[in-house]
Amino acid sequence: MESLNDLRKQRIDKLGRIRDLNLEPFAYAYEQTHFAADIVAAFTGEEQESVSVAGRLMTVRRMGKASFAHLMDRSGRIQLYIKQDHIGERSYDLFKLLDIGDIVGVTGTVFKTRTGETTVLAESLTLLAKNLRPLPIVKEKIEDDEKVIFDQFADKEMRYRQRYVDLIVNPDVRDVFIKRSRIVSEIRRYLEGRGYLEVETPALQPIYGGALARPFVTHHNALDMQLFLRIADELYLKRLIVGGLDGVFEIAKDFRNEGMDRDHNPEFTMLELYVAYQDYTFMMDLVEDMVGRLCTDVLGSHTLPFHGRTIDFRSPWKRIGYMDAVSEAVGEEVHDRDEAEIRNVAKKAGIDVGDLSGRGALLDAIFSARVEPDLWNPTFITDFPIELSPLAKKHRSRPGLTERFEAFVAGMELCNSFSELNDPVDQRERFEAQTRLKEAGDEEAMVLDDDYLRAMEYGMPPTAGLGIGIDRLVMLLTDSPSIRDVILFPTMRPEQ
RNA sequence: GAGGGUGUAGCUCAGCUGGUAGAGCAACGGCCUUUUAAGCCGUGGGUCCUGGGUUCGAGCCCCAGCACCCUCACCA
């Protein structure tokens, strides 16, 4: 009788047998004096050091009255050697009742086995938490300095739904999320070090804005009103620029009610930064410098592997104008062409323009199909058409364009930035153009935000703004193929 | 949203042309005081994703559904 239920019953039965030994299977605390990896790194083979380690049993090899096991803590693994004549009969009886997955504390002395593995010779063994549900058994060995893994826990659905199991048995997964955490704290440190203020703005908004996207809608009972989950922080952060905070950033979840794929999750983390008295060229330099800093400080290199190739994050990144990139891709100048001419160019290039209308949308179709996929090493695409950029300032010298750039890496958009539009009259006209698109059925068009315009009418300094998708940045820096590999609990349909 | 794929023991996977459901690891019992993917001997373990259908008989064929994965479309 050993279905999952029976395996659980066996282990629940062990709880009683452990209590029969006068031991409690769920402890309150345990004093750790060392972490596994530190012991392994520091031990020379001489000293008779006593250590207390705590963690999860990952392997057990029993040989009658003596056994070896591996314990895993936050730092890594260390081998345990448990001998009945060392820890006593009662503790060894306890050990015989333990399973892979149990959490234990062990005090003992460090030594090296005959085969040279640094090991803790146990003097005492404490059960800290009994496992009742069998863990996937992943085995590994080192062959020709390569780690070979057997029976890896690989089912993506189970890995995402039960991330706790994934984290226990797949050390690479754990490494990715540790790196993610370091990347975010390094960004904070970088920005705080330059005097920018971290702020928090509403996630529940009566009017959504700051990006072109469909929102999630919710309802507030007490106010009996519709609220939207933010699709961007942008308009609130720029209100703070009006308010004189001059340099503000926010690292927060945005929510967009759209499709999901390798690089889209409905909730995702965005860094937005606004700096008064600067323009988009300042922001380009900042992005290049900050990402470069992350490469060296977190990953230890400016050239990183990604999808079997290498990404070179060294400065300076390539910079190319949007219209130049499109012209080059189709082998034809598109700068001064009107909508009909650009439609023809797109068709000639074999791009399905379907029912697209508007010069900007057509250019974007060409850009997405012919330019974006080929941008492997970090590249700034600059000076986007005004139709695509309702919150960006008109280019100071090139009509029809805005002072805006996006950085692309490995065919993926990494960030979006512009010299912020600070002319309230111009901004009102752009909003009105968006309203016309919305009335024509564009569900992603922006909604006019009167309070934002009111704020801008009080006077907004020239400002550079930036948004970086943190999830995508982490994907690039950790060679992760899917956004779900860098989000601890990606959005899933519920089970059953 | 479209197309393709996958779903069998706790985990990783076999399962032929439709004929009583298999392996390794894990578990359980026995032996074993320097092992390491996996010592030796033995035992048990299944909603074959779900619901219909065809058939004497379905893990396998048909229909519908669910979940996940991949590609494409939209989007950051």
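We name chains A, B, ... by the order of the sequence lines, and we start the count at 1 in each one.
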Who does B/U54 pair with, Watson-Crick or G-U, both distances under 3.5 Å?
-> none
Considering only NZ, NE, NH1 and NH2 on the basic side and carboxylate oxygens on the acidic side, decide whether A/K179 and A/D172 come within less than 4.0 Å.
-> no
From B/A37, B/U12, B/U35, nucleotide with atom closest to A/R61 side chain = B/U35
Starting at atom CG of A/D102, determine the distance to atom C1' of B/A27, rounded to an integer number of angstrom.
-> 13 Å
Using a heavy-atom cut-off of under 4.0 Å over every strand shown, decide if A/E117 touches base, sugar-phosphate, or nothing.
-> base
What distance, rounded to whole Å, do you find between the two P atoms, one in B/C66 and one in B/G30?
-> 50 Å
Can you tell me how far C1' in B/C60 sits from the matching atom in B/U8, rounded to whole Å?
-> 11 Å
Verify the ring-centre separation between A/F384 and A/Y280: is it less than 6.0 angstrom?
-> no
Which nucleotide in the set B/A26, B/G45, B/C74 lies at the smallest distance from any side-chain heavy atom of A/I137?
-> B/A26
Under 4.0 angstrom, heavy atoms only, what part of the nucleic acid is A/Q79 near: base, sugar-phosphate, or nothing?
-> base
Could you tell me the separation between the CD1 atom of A/I149 and the C1' atom of B/U12, rounded to a whole number of Å?
-> 13 Å
What distance, rounded to whole Å, do you find between the two P atoms, one in B/U47 and one in B/G10?
-> 7 Å
Please report, rounded to the nearest Å, how far the P atom of B/G10 is from the CG atom of A/L4.
-> 6 Å
Among B/U34, B/G24, B/C74, the nucleotide that comes nearest once only the side chain of A/D151 is considered = B/G24
Looking across every strand, which nucleic acid part, if any, lies under 4.0 Å from A/N265 by heavy atom: base, sugar-phosphate, or nothing?
-> base
In whole angstrom, give me the gap between the P atoms of B/C63 and B/C25.
-> 40 Å
List in numerical order all residues of residues 84-93 of chain A for which some heavy atom is under 4.0 Å away from an atom belonging to RNA chain B.
-> A/D85
Could you list by number each residue of residues 211-218 of chain A showing a heavy-atom separation from RNA chain B of less than 4.0 Å, or answer none if no residue does?
-> A/L212
Got a sec, which residues hit side-chain hydrogen bond (donor to acceptor under 3.5 Å, both in side chains) with A/D175, two or more places apart in sequence or on another chain?
-> none
A/E250-A/T201 side chain donor-acceptor pair, cut-off 3.5 Å | yes
Distances for protein N/O vs nucleotides 68-70 of chain B N/O pairs under 3.5 angstrom?
from  : atom 1 : to     : atom 2 : distance (Å)
B/C68 : OP1    : A/R493 : N      : 3.0
B/C68 : O4'    : A/E157 : OE1    : 3.0
B/C69 : OP1    : A/R484 : NH1    : 2.5

Counting only distance, no hydrogens or angles, is the base of B/U35 paired donor-acceptor with the side chain of A/T113 under 3.5 Å?
-> yes
5' priority, RNA chain B, between A/K65 and A/V138 [closest heavy atom] | A/V138
Is there any side-chain hydrogen bond (donor to acceptor under 3.5 Å, both in side chains) pair reaching into residues 96-112 of chain A, and which pairs are they, with sequence neighbours excluded?
-> A/K14-A/D99, A/Y30-A/T107, A/S52-A/T107, A/D99-A/K130, A/D102-A/K130
Separation of A/R62 atom CZ from B/C32 atom C1', in whole Å?
-> 13 Å
Do the ring planes of A/F255 and A/F216 sit parallel (below 30°), tilted (30 to 60°) or perpendicular (above 60°)?
-> perpendicular
For nucleotides B/C61 and B/A26, find the distance between their C1' atoms and express it as a whole number of Å.
-> 35 Å
A/L97 CG to B/G29 P, straight-line distance once rounded to whole Å = 9 Å
Could you please name the partner base of B/A27, counting Watson-Crick and G-U wobble pairs only when both distances are under 3.5 Å?
-> B/U43
Looking for any heavy atom pair under 4.0 Å, which part of the strands does A/M158 touch: base, sugar-phosphate only, or nothing?
-> sugar-phosphate
Does B/G1 have a Watson-Crick or wobble partner in any strand here, with both distances under 3.5 angstrom, and which is it?
-> B/C72
Nucleotide nearest A/S3 (side chain, heavy atoms from C-beta), chosen from B/U33, B/G45, B/C11 | B/G45
Listing, residues 483-494 of chain A side-chain donor-acceptor contacts under 3.5 Å, not counting sequence neighbours, or none:
from   : atom 1 : to     : atom 2 : distance (Å)
A/R484 : NH2    : A/T491 : O      : 2.4
A/D485 : OD1    : A/Y160 : OH     : 3.0
A/D485 : OD2    : A/S482 : N      : 3.4
A/T491 : OG1    : A/N265 : ND2    : 3.4

Without hydrogens or angle criteria, can the side chains of A/T269 and A/R180 be said to hold a donor-acceptor pair below 3.5 Å?
-> yes
When you measure from the side chain of A/E288 to the backbone N and O of A/W317, does any donor-acceptor pair fall under 3.5 Å?
-> yes
Taking for A/E258 and for A/H70 the nucleotide of RNA chain B with the nearest heavy atom, the one nearer the 5' end belongs to A/H70
Geometric cation-pi criterion, A/R404 with A/Y322: 6.0 Å, 45° | no
Rounded distance (Å) that lies between atom P of B/A26 and atom CG of A/L98 | 16 Å
Parallel under 30°, tilted from 30 to 60°, perpendicular over 60°: which one fits the rings of A/F380 and A/F405?
-> perpendicular
Are any of the side-chain heavy atoms of A/N170 and A/Q152 separated by less than 4.5 Å?
-> yes
Please check the phosphate of B/C28 (OP1 and OP2 only) for any side-chain N or O of A/K14 closer than 4.0 Å.
-> yes
